[in-house]
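Step one of this worksheet: look at the structure below.
For the numbers below, each heavy atom of this structure counts, side chains included, while hydrogens, waters and symmetry mates do not. Note that this is a predicted model, so its numbers are computed, not measured.
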Number of protein chains: 2
Amino acid sequence: MMRPTRNGAQLITNTQGSAPGTGPQPADFTDVRATNLAVVLRFVRENAPCSRADIAASTGLNKATVSSLVADLIDRRLLRETGLTENRVGRPATMLVLDGSPYAAVGIEVNVDYLTAVAVDLKGEALLSWRRAFPGGSASSGQAVAGIAGVARRVVTRMTKEARQVLGLTVAVPGLVDLTGSVRLAPNMGWRDVDLAGDLAKALRDPGFPVLVDNDANLGALAELRFGPHSGVRDLVYLTGEIGVGAGIVLDGRLRRGGAGFSGEIGHIEIVPGGPPCHCGRRGCLEVVAGLGALLDRTVPGGVSPAELEPEIDEVVQRAEAGDPVVLDLLDTLAGNLGRGVGIVANLLNPEVVVLGGYYVKLAPWILARAEQEMLARALAPGGGGCRLVVSGLGYGAAALGAAARVLDSVDSGRLPAPA
Amino acid sequence: MMRPTRNGAQLITNTQGSAPGTGPQPADFTDVRATNLAVVLRFVRENAPCSRADIAASTGLNKATVSSLVADLIDRRLLRETGLTENRVGRPATMLVLDGSPYAAVGIEVNVDYLTAVAVDLKGEALLSWRRAFPGGSASSGQAVAGIAGVARRVVTRMTKEARQVLGLTVAVPGLVDLTGSVRLAPNMGWRDVDLAGDLAKALRDPGFPVLVDNDANLGALAELRFGPHSGVRDLVYLTGEIGVGAGIVLDGRLRRGGAGFSGEIGHIEIVPGGPPCHCGRRGCLEVVAGLGALLDRTVPGGVSPAELEPEIDEVVQRAEAGDPVVLDLLDTLAGNLGRGVGIVANLLNPEVVVLGGYYVKLAPWILARAEQEMLARALAPGGGGCRLVVSGLGYGAAALGAAARVLDSVDSGRLPAPA
DNA sequence: GTTTGTTTGGTCGTTAGACGAACTAACTCT
DNA sequence: AGAGTTAGTTCGTCTAACGACCAAACAAAC
């Protein structure tokens, strides 16, 4: 096969610390190396187990180059040689896999009622998954930071006991997070201008790994991209289905955060002009007409307490299963409104997939078809421009998983740990 | 000054012709060279006239490297040496500028009523700007292709007479254009599944330069990015204000076209549920409640003919200037609806700027303030997340200018003409 | 004028690292 | 055993960035 002519894409360059707006950075030999290391690492992640020859054949890199790159990755303990192939013509190949043992990526998701912590290895396999109650809505931000730091420390010591090096920690927050990792506004948590990334780094005092903070919907989208069944999809939108509704937007394979990091605030798009009032002060927001709060307010007498969200959703599910016409009608209305929101996304962004997450997953049997139909009816492009509406298979803690995935992404895109 | 540590961005690699979904391509020395050539070219574009020493100091590239890169660019006739600096301590610098004379980039915009063709040199300075009536709405697609090809040929021969080499041709179309340059749906033109890029390339028979087709709003956004007063902005949305309303979405410095190329169809987002019917079959679309057709339908007795759009807009402007309460009220309503659409964009994408183009420019004095206020009221992020609503200064033919800009962009991102 | 200092831009040798070809290793098949 | 096949390594080549040095060309100070 001919080596394909390659022309026009992108390589990893060093842009850290340069003034913004300076334009793209010049490239270096080290950039070539970093790019190719990342290419090999990603290839093995997606095709393990595979041989050096496989890598060379598929990526177009020279066999000699692949050998050198693989040796480097083995030095950094990112790859490991496993057995040989047998019963084949020719010299048997030594197979390569990601080395799962030396590293860990940590993700923590905080929410109004609970906190989820996960750690995964380089392969993305779960090492640890904790879930505990968390008084996010009532505690002060200082107490919250202390609580998160405490959990983070426990996860890190646990990983250290297993002889793993923590590559990074990312925290998912339901709210507006700016590009520095500071939480500008998290209404459900009662936070405003909390420099969570900075405070956490301080509380962990020189942790030796990067501490990042991001929006929960953004990280949910990353989780779907890495762990969901969407191989090859480069344009995806993830919708959280918690008390609020947020969107994580992936276009051309990367999260798009907007100018200040505040993209994806679909929950406060006006869907029903003059509709029911939202806690944000506006009316008819998607969150009010297609969120869970509104649903539960009408099915559960006496209002909803965040801490009791899950059992109440379960009750709705039971009543729907039993055929309760009131609940079915409410779900149908919710689905219609949700579909209108998804239609807006389909028209504006033309994603290949929109993934429903959070509690929407449990409600899917009663809302998915209607919502998809509504979306298709509203999209200008025939067939919705190829946009599919699907349900997340990741369950709760998708954002925590995505937070860990963000750490792995930074490795995949060239930020490798140093060799031993 | 210390050389800044560079880490984590991206380099131009060769991705042409490789299977999609293969993941990022490996890098090569030629990629480093291409990246650095592009870096120098862009630097000179933004800082001309400047010396080699300036380039080295600002980009961090080595002086020797810059000399080599500049020599290469001069060989390719992209840069030119101009006079020396005087009256300064030290050896005078030889200044470098973009060479405007050897090349041309061509953009053509087709619309319902007219066709605009522009050619610009490497600096982005206009070489030619034609506007002529074009029966886009009534002609068959075959006739339209022939007409466009005819204009393109005339532009090319004109450029050839000026001893310029045409680097590329891009055509802007108001409609859904897929990623191959095929027009899937252009309701106002009456087109469906027209392989415009292919047909044009055929009609021009081996033109020796790439022929591309893109959506008019996308190209309007590119025009704003390059020629508008938005230096350093990386997240921008451009709204066309023609018969239809479309959005061009730039995030992180590049156009985002969505999975099939159909992003930006803001015109058919439902703004007023149950509102007036739209020609697309739905009701209350942004296009109907904030587009020009709706405005003119109510101000001009007897309906609107596309060919007479401009004088009718002018009449609306005159009546607004005269203080006609009916017109002012209609404009205020339009502005409110437009602002709701912009609010959706601000919430979902958090751009730094939303630019109003097309005929919105003429109406700006009566709609801008109200629309911005409406947008700010609807954005969840305080202050709209920093989003500003502004008016385009590029006038008509912004899409044609953007079409030419797309050609320049491909040069800027590494696809350089061969040396003489 | 002469000297000194400063800045520009080019030359030369070094070095990182990808590539191609040749080579060795290890297996299967006949 | 020999032929054929595939895997991975070694070695030399080549591209292109980098650092150090140098000559040229000027202003300012003397």
Separation of [X] atom [atom1] from [N] atom [atom2], in whole Å?
X	N	atom1	atom2	answer
A/L84	C/dC27	CG	P	8 Å
A/D28	C/dA16	CG	P	12 Å
B/I55	C/dT7	CD1	C1'	16 Å

By salt bridge (Lys or Arg N to Asp or Glu O under 4.0 Å) - contacts of [X] (at least two apart):
X	answer
A/R91	none
A/R164	A/E162
B/D214	B/R257, B/R406

Query raised in the report: For A/V89 and A/F29, take the nucleotide of DNA chain C holding the closest heavy atom to each; which residue's nucleotide lies nearer the 5' end?
Result: A/F29
**Report entry** Main-chain N/O of A/G124 paired with A/D121 side-chain donor or acceptor, under 3.5 Å
**Finding:** yes
Any [X] side-chain nitrogen or oxygen under 4.0 Å from OP1 or OP2 of [N]:
X	N	value
A/N62	C/dG20	yes
A/N36	C/dG17	no
B/R33	D/dT15	no

Requested in this report: Any salt bridge (Lys or Arg N to Asp or Glu O under 4.0 Å) involving residues 60-71 of chain A? Give me the pairs, sequence neighbours left out, ordered by first then second residue.
Outcome: none
Report summary line: For B/F227, the ring pair (Phe, Tyr, Trp, His ring centres under 6.0 Å) test, sequence neighbours excluded, returns none
Which atoms of nucleotides 8-10 of chain C (N or O only) lie under 3.5 Å from a protein N or O atom, and what are those distances?
residue	atom	partner	partner atom	Å
C/dT8	O2	B/R91	NE	3.3
C/dT8	O2	B/R91	NH1	2.4
C/dG9	OP1	B/T94	N	2.6
C/dG9	OP1	B/T94	O	3.2
C/dG9	OP1	B/T94	OG1	2.7
C/dG9	OP2	B/R52	N	3.3
C/dG9	OP2	B/A53	N	3.1
C/dG9	O4'	B/R91	NH2	3.4
C/dG9	N7	B/K63	NZ	3.0
C/dG9	O6	B/K63	NZ	2.9
C/dG10	OP2	B/S67	OG	2.6

